[in-house]
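Worksheet for the structure shown next.
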Amino acid sequence: MITSISRINDTHRVIPGELDMPKRLLLGPGPSNADPRVLEALSAAPVGHLDPTFIELMNEVQTLLRYAWQTDNHLTIPVSATGSAAMEATMANSVEPGDVVLVGAIGYFGHRLIDMAGRYGGDVRKMTKPWGEVFNIAEIRQGLETHRPSVLALVHAETSTGARQPLEGVGDLCREYNCLLVLDTVTSLGGVPLFLDEWGVDLAFSCSQKGLSCPPGIAPFTMSPRAVEKLQRRQVQVSNWYLDMSLVSKYWGSDRTYHHTAPINMNYALREGLRLLAQEGLEARWERHQANAELLWEGLDSLGLQCHVEREFRLPTLTTVRIPSGVDGKAVTKHLLADYNLEIGGGLGELAGQVWRIGLMGFNSDRKNVELLLDALETVLAKPEVKK
Ligand SMILES: *Cc1c(COP(=O)(O)O)cnc(C)c1O
């Protein structure tokens, strides 16, 4: 006899209907749609996180991440969380209290790196540019010369602006000035040419829901031997237990000792997303993203719309489009969602209210999607309701 029954409060016992989500086409800054093969992998039966079959799968994921990033880094793993956690892991593991950290901020995510570096005790210095622009190599050299940092952090693909930061020569400069190079590759991995080792990148991170065609929830992370050495030399322990790579790497390394329970099914999903990438091949994949982006840019131009970023530095994965004067940007995105089940993003920070953000990432980088969006935009822009 359960005597407490009378004490149960039924106020919150609301029984919703069966899950019934709309099928949206996600052409915003992320998440983008997962590949159907990924969704199928996601629903496979979970095994234990130390099961021999899962350990084999972990090895496959690690190898494929090295391929995707073009790195031989031994410490290459998916963090069990979203991209922001992998971002935080780069700061937690590379910054010791008092270290000078130079962050190049060309948009929203650069400013997030500044915030995180400060929380880990970094003596943070920043270089900024107007949103939509990128640093040239002379500006980066000047920053290193002025601040002499232990860590330089840059954003390869700034999702808030659609700009691609060129990396050629930056790694060599970081060696000349003896600092580690941290790179945000969240919106470039799986869609934009990336050569981590050739570029001398020491720590990098990404996410699953943009170029890798998975749902959000797992986040690639990698650390070079130079960065691991700095981690091993630390005087003060990493001040975040969950993201401390000296602990996490014991599970992902040869020890396979328990640290936290890996999100088994998200690892299935990531493996399938990376398997798709390997089957397509990096070159074909990068070309597909570039070709579909160019098709979009031409189409926007025909509609009389203007891209925010100079062509040379445009990301193929994320395009910022200037909202024409006299048009209500929010009304347009609302109509696209309501009438076409199609999501695009609005502007962030300095670009709030000024641009739309269109993502063509991974599975979604497809000619048919570009055509659908351009047709929908043309129709919606002609509606009197979207005029200001
Ligand atoms: C999306 C994004 C992140 C954050 O990733 P989440 O998965 O949203 O936590 C970080 N940096 C950039 C450039 C991004 O676009």
Side-chain angles (χ1 to χ4, degrees), residues 26-34 38 65 69 77-92 103-117 119 128-129 131-135 153-167 181-192 194 196 201 203-222 240 242-243 263 266 269-270 273 289 308-309 313-320 343-352 355-362 364-365:
L26 304 175
L27 299 184
S32 54
N33 292 82
V38 167
L65 281 177
W69 256 325
I77 65 161
V79 171
S80 306
T82 74
S84 303
M87 181 184 217
E88 187 142 355
T90 61
M91 291 296 121
V103 183
I106 52 175
Y108 177 88
F109 291 100
H111 287 279
R112 182 179 286 187
L113 278 166
I114 290 172
D115 185 346
M116 286 180 177
R119 287 171 194 248
T128 58
K129 288 283 248 189
W131 289 31
E133 293 182 21
V134 296
F135 297 105
L154 295 173
V155 179
H156 183 220
E158 186 41 92
T159 321
S160 63
T161 70
R164 180 186 50 80
Q165 172 64 54
L167 268 300
L181 176 57
V182 173
L183 193 64
D184 180 332
T185 66
V186 173
T187 298
S188 50
L189 187 65
V192 183
L194 255 175
L196 283 201
V201 175
L203 297 106
F205 57 95
S206 191
C207 74
S208 49
Q209 74 274 17
K210 294 176 187 172
L212 297 180
S213 317
C214 295
I218 194 160
F221 170 91
T222 188
N240 182 316
Y242 192 63
L243 300 174
M266 279 312 299
L270 181 58
H289 280 78
H308 177 66
V309 176
F313 302 115
R314 269 181 220 163
L315 282 170
T317 41
L318 194 285
T319 298
T320 39
E343 179 183 280
I344 66 168
L348 262 185
E350 270 184 32
L351 297 178
V355 297
W356 292 299
R357 290 186 296 155
I358 301 172
L360 293 172
M361 305 178 189
N364 279 357
S365 170

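Counting starts at 1 for both ligands and their atoms, following the listed order. Quick note: residue numbers are just sequence positions, from 1.
- Among all protein heavy atoms, the one lying closest to atom 11 (N) of ligand 1 is D184 OD2, 2.7 Å.
- Using a 4.0 Å cut-off between heavy atoms, A85 makes no contact with ligand 1 at all.
- Of all the listed residues (R112, Q209, K210), K210 holds the heavy atom that lies closest to atom 2 (C) of ligand 1.
- Among the candidates R357, E158, R314, the single residue satisfying the side-chain contact (heavy atoms from CB on, under 4.5 Å) test with T320 is R357.
- Atoms of ligand 1 lying under 4.0 Å from any heavy atom of T159, numbered from 1 in the order shown and given with element: 12 (C), 13 (C), 14 (C), 15 (O).
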Assess the residue pair T222 and W69 against the criterion (side-chain hydrogen bond (donor to acceptor under 3.5 Å, both in side chains)); give the C-alpha distance rounded to whole Å, side-chain angles, the decisive distance to 0.1 Å, and a yes or no.
CA-CA 9 Å; T222 188; W69 256 325; over 6 Å; no

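- With rounding to the nearest 0.5 angstrom, the CG atom of L318 is 11.5 Å from the NE2 atom of H289.
- Against a heavy-atom cut-off of under 4.0 Å, T187 is close to the following atoms of ligand 1: 15 (O).
- Under the 3.5 Å distance criterion, the side-chain polar atoms of T128 are left unmatched by any main-chain donor or acceptor of A105.
- Remark: side-chain polar atoms of H156 are not paired, donor with acceptor, to backbone N or O of L167 under 3.5 angstrom.
- For ligand 1, the atoms lying closer than 4.0 Å to a non-hydrogen atom of G83 are 5 (O), 6 (P), 7 (O), 9 (O).
- The protein heavy-atom contact nearest to atom 3 (C) of ligand 1 is F109 CE2, 3.5 Å.
- Within ligand 1, counting atoms from 1 as listed, the ones closer than 4.0 Å to a heavy atom of C207 are 7 (O).
- Proximity of a side-chain donor or acceptor of T82 to a complementary backbone N or O of P216 within less than 3.5 Å is not detected.
- Under a 4.0 Å criterion applied to the non-hydrogen atoms of S84, ligand 1 contributes the atoms 4 (C), 5 (O), 6 (P), 9 (O).
- Interface atoms of ligand 1 facing T82, defined by a heavy-atom separation under 4.0 Å, are 6 (P), 7 (O), 9 (O).
- A side-chain donor-acceptor contact under 3.5 Å links S208 to the backbone of I218.
- Under a 4.0 Å criterion applied to the non-hydrogen atoms of A157, ligand 1 contributes the atoms 13 (C).
- A side-chain donor-acceptor contact under 3.5 Å links N33 to the backbone of L26.
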